[in-house]
Amino acid sequence: MPVDATLPYDDQNIFAKILRGEIPNRTVYEDEWALAFHDINPQAPIHILVIPKGTYVSWDDFSGKASEAEIAGFIRAVGHVAREQGLVAPGYRLLANAGIDSHQEVPHLHVHLFGGKALGPMLMR
Ligand code: 5GP
């Protein structure tokens, strides 16, 4: 079910539970600002989710309210993970769903990192 990303942050969302260690995940990277882990239902050979450690619902919430340090830390973490996964030369795709029309399902900001094969053109149905 898509979520209304204009609602206040819900600390019972699944990624909040992952950040608190209440639900296991396959972590690929973690630092002060971000956690990156494999998506449970991968849509490409490499499908990693990168999330900020702060409690932000969406890209709108994060870009409007996060500190410069949080924004820099998160963006750097996404780039670091892509580099560490060997995706810079072959290429990769980033995607952040935000709100109902995008079908965002988890109300904690996350960037999908896809790679590991030729992904083809982005398709909108
Ligand atoms: P969204 O549609 O919100 O952009 O994407 C949510 C993503 O979270 C989906 O790709 C889904 O497979 C992934 N996901 C949902 N629950 C879990 C979970 O418990 N663990 C992991 N690793 N991924 C999850």
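Counting starts at 1 for both ligands and their atoms, in listed order.
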Look only at interatomic distance and state if [X] has a nitrogen or oxygen under 3.5 Å from any nitrogen or oxygen of ligand 1.
X	result
Ile40	yes
His47	no
His110	yes
Val106	yes

Have Asp4 and Thr6 got a donor and an acceptor in their side chains that come within less than 3.5 Å?
->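 Judged by distance alone, the side chains do pair up.
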Among all protein heavy atoms in this structure, tell me which lies nearest to [atom], with the distance rounded to 0.1 Å.
atom	result
atom 3 (O) of ligand 1	Glu105 N, 2.7 Å
atom 19 (O) of ligand 1	Ile14 CG1, 3.6 Å
atom 9 (C) of ligand 1	Asp39 OD2, 3.3 Å
atom 8 (O) of ligand 1	Phe15 CZ, 3.4 Å

Nearest heavy-atom neighbours spanning Ala96 and Trp59 =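 Minimum heavy-atom contact is CB-CE3, 4.2 Å.
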Which heavy-atom pair separates Ile71 from Ser63 by the least distance, and what is that distance?
->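 So the two residues come closest at CD1-O, 4.3 Å.
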Asn25 and ligand 1 - part of the residue with a heavy-atom distance under 4.0 Å |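 Looking at Asn25 and ligand 1, no heavy atom falls under 4.0 Å.
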Ligand-side contact atoms (ligand 1) for residue partner [X], heavy atom cut-off under 4.0 Å:
X	answer
Asn97	1 (P), 2 (O), 4 (O)
His103	2 (O)
Gln104	3 (O)
Asn41	12 (O)

With a 4.5 Å heavy-atom cut-off, do [X] and [Y] have their side chains touching?
X	Y	value
Asn13	Pro107	yes
Leu109	Val57	no
Phe37	Phe15	yes

Tell me if the aromatic rings of [X] and [Y] count as close, with their centers under 6.0 Å from one another.
X	Y	answer
Phe62	Phe74	yes
His47	His38	no
His108	His110	no

Please state whether [X] comes within less than 4.0 angstrom of ligand 1, counting heavy atoms only.
X	value
His112	yes
Ile23	no
Arg26	no

Scan Leu87, Asp39, Val28 and name whichever one has a side-chain contact (heavy atoms from CB on, under 4.5 Å) with Leu113.
->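 Output: one option passes, namely Leu87.
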Are the side chain of Glu105 and the backbone N or O of His103 linked by a donor-acceptor pair below 3.5 Å?
->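 No, Glu105 side chain to His103 backbone: no donor-acceptor pair under 3.5 Å.
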Where the closest heavy atom to atom 22 (N) of ligand 1 is concerned, which of His38, Lys17, His108 has it?
->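 Checking each option, the heavy atom nearest atom 22 (N) of ligand 1 is found in His38.
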